[in-house]
A.B. asks: 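Structure provided below as structure tokens; questions to follow.
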Protein chains: 2
Amino acid sequence: MARMVAERSDAIASLAEVFREHGYEGASLALIGKATGLGKGSLYHFFPNGKEEMVRAVLADIGQWFEDSVYSPLRDEEDADAAIATMLKETTKYFRSGGRVCLVGALAVANTRDLFAQAIRGYFVGWVDALQAALVRQGRDVEQARILSEDAVLAIQGAIVLSRALDDPAVFQRAIDQLHGRLAFDGTALDNSSGNRSF
Amino acid sequence: MARMVAERSDAIASLAEVFREHGYEGASLALIGKATGLGKGSLYHFFPNGKEEMVRAVLADIGQWFEDSVYSPLRDEEDADAAIATMLKETTKYFRSGGRVCLVGALAVANTRDLFAQAIRGYFVGWVDALQAALVRQGRDVEQARILSEDAVLAIQGAIVLSRALDDPAVFQRAIDQLHGRLAFDGTALDNSSGNRSF
DNA sequence: TAAACATTTTACCGAATAGTACAAACTAAC
DNA sequence: GTTAGTTTGTACTATTCGGTAAAATGTTTA
């Protein structure tokens, strides 16, 4: 094997950034080449299927990062509140308080959605499910945990949109603080049985 | 003038749809021509500055619709609760339960954001301010109303993203229902004990 | 060293891109 | 019916697009 100095994985961080900033169609091979420092030949050597394969690699990388840094703690950490706090902290850092776009979210509202539908769905299903698990571990009702976890994930996506639109990171921060309050277990969750039977 | 059948304004609905579906860069003149039924000659006759002017016209049209159908009632309707219910109803219809993307939101997370920054900002500022006014009219604290209205607007944007990602209109609907509960004035708002928890 | 393989450079392709120029066709007013 | 102005079709730029081909260079293994 030749020198492994320039591996496929080395390019992925740059690829992620250029797709985040310019979208799928907006990221031309010229831009990609400039961002990665690789010529077309190298790019097509590492990603024979072109831009589509590059995005898939980026999505896989992003998915792995979230799995390790967010989903896994939410699912497995004993202290559910701590796992949720970690999620909010890591998410804030990752999205740079709304200064950084969520590539998956951006792809979800683009016309290229169908091409990556499975990966996009997996990203969000993983997030919602993991958060739901943590909320249930808090002692919440399964249904309420479902609603609440969907609510939290969409709030983060919306916070990115709004804080970018208003060009104000404080909007993102306030949304995260709101979520902190809404997701923290305050004991009242146990009281509301509202006739739900378990099965 | 020649046949008045084809006026500038007649094309705007089609333009809005094609930009919604394909984004700014993705909407080629070929697609635009097909969607509007106009050739390049006509398009550049009505919009001498090309795609940029088309998007500006679409954004102005969207802004006017929201002003009339949503912001104005929120600001001026005596019954604040009714105005909020109208907002949620009209919004659900407009975005087709998440099946239709918000062009302004999509532009906000695209690289073309800077080009339309003012219009994007105006759209969201108008929304948040109008909703805040309605919430204050309910008797809420100004600060809390601000937080709550930001929270609602970003939730709608996030609901579009998530429901599209999961390809499930029910997600959007649940988010709207949640908002209905959160925005309805239930008297507890005066206690100021909800929301903010220390951590 | 030499063969085997990995990587990169360079030149190239056809198609599609946004935008321009302008003559033809149409419509309304007189 | 003529004229003046509006709208549209067509042909045309110049550039960029994603992608291909293959020779050339580099690296590792034997």
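A note on names: the letters A, B, ... follow the listed sequences, proteins ahead of strands, and every chain is numbered from 1.
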A.B. asks: Could you list all the side chain to side chain donor-acceptor pair (under 3.5 Å) pairs where at least one residue sits in residues 162-172 of chain A, not counting sequence neighbours?
C.D. replies: none
A.B. asks: Could you tell me the separation between the CZ atom of Phe46(B) and the P atom of dG19(C), rounded to a whole number of Å?
C.D. replies: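 Nearest whole value for this atom pair: 18 Å.
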A.B. asks: Using modelled atom types and a 3.5 Å cut-off, is there a donor and acceptor pairing between side-chain atoms of Glu150(B) and backbone atoms of Leu162(A)?
C.D. replies: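 No: the side chain of Glu150(B) does not pair with the backbone of Leu162(A).
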A.B. asks: Can you check the Glu53(B) CD to dT20(C) P distance for me, whole Å?
C.D. replies: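 Going from CD in Glu53(B) over to P in dT20(C) covers 12 Å.
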A.B. asks: Please work out which of the three classes, parallel, tilted or perpendicular, describes the rings of Tyr24(B) and Phe116(B), given edges at 30° and 60°.
C.D. replies: perpendicular
A.B. asks: What is the distance from NE2 of His45(A) to C1' of dT27(D), rounded to the nearest Å?
C.D. replies: 12 Å
A.B. asks: Please report the C-alpha distance between Arg100(A) and Glu17(A) in whole Å, then the side-chain angles of each, then the deciding distance to 0.1 Å, and finally whether the side chain to side chain contact (heavy atoms under 4.5 Å, CB included) criterion is met.
C.D. replies: CA-CA 9 Å; Arg100(A) 201 196 209 185; Glu17(A) 218 52 47; 3.2 Å; yes
A.B. asks: Does Arg8(A) use its side chain to pair, donor to acceptor, with the backbone of Phe46(A) at less than 3.5 Å?
C.D. replies: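 Pair found, side chain donor or acceptor close to backbone of Phe46(A).
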A.B. asks: What one-letter contact string describes nucleotides 10-19 of chain D from 5' to 3', where B marks a base within less than 4.0 Å of any protein heavy atom, S marks contact via sugar-phosphate atoms alone, and - marks no contact?
C.D. replies: -------SBB
